Amino acid sequence: MKVRKTIPLWLAGAALVAVTGCSDPDQGPAEEAGEQVDQAMEQAREEMQEAGEAAGEMTQEARERVEDMIDEPGPAEEAGETMDEAVEAAKEEMEQAAEKARETMEDN
């Protein structure tokens, strides 16, 4: 019977030795908990920084897409430029025709 009563004590003692044997003998439980909090905070800071950098990259990509949409001429602008060129060409042809008509009238 004495053996059955002492087994839980031996197990508890072994667990205590295992737990305390793995830690720094100069640190108490509060210091260990503080280190764990510090590590968790550092990891959270790094993850937040990475998330911020990713958001910045996404914002830059969106800005570049909008700038491309603004800078590149659309179909309406291209059509307008084509019409401007056609009007200018017609104007030049009419001026040339008028000049030829004047020359013909002067010759006659």
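Note that the structure is a prediction, hence the values are computed from the model and not measured.
- The CD atom of Glu77 sits 10.5 Å away from the OG1 atom of Thr82 when rounded to the nearest 0.5 Å.
- Here Lys100 does not pair with Glu103 in a salt bridge; the nearest charged N to carboxylate O distance is not below 4.0 Å.
- Panel note: side chain Glu81, backbone Glu78; no donor-acceptor pair is recorded below 3.5 Å.
- Looking at Met94 and Lys91, their side chains never come closer than 4.5 Å, going by heavy atoms from C-beta outward.
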Next item on the list: Begin from the C-alpha positions of Asp84 and Glu88 and carry the test side chain to side chain contact (heavy atoms under 4.5 Å, CB included) through to its verdict.
Entry: CA-CA 6 Å; Asp84 289 343; Glu88 189 64 33; over 6 Å; no
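- Annotation for Gln43: atom CD does not count as buried by contact number, only 12 or fewer foreign heavy atoms lying within 6.0 Å.
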Checklist line | Glu92 and Gln96: CA distance, side-chain angles, deciding distance, side chain to side chain donor-acceptor pair (under 3.5 Å) verdict | finding: CA-CA 6 Å; Glu92 288 176 13; Gln96 289 174 358; 5.5 Å; no
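- Atom CZ of Arg102 is separated from atom CD of Glu106 by 8.5 Å, given to the nearest 0.5 angstrom.
- Sorted by first and then second residue, the salt bridge (Lys or Arg N to Asp or Glu O under 4.0 Å) pairs involving residues 41-52 (not counting sequence neighbours) are Glu42-Arg45.
- No hydrogens or angles considered: a donor-acceptor pair under 3.5 Å links the side chains of Glu64 and Gln60.
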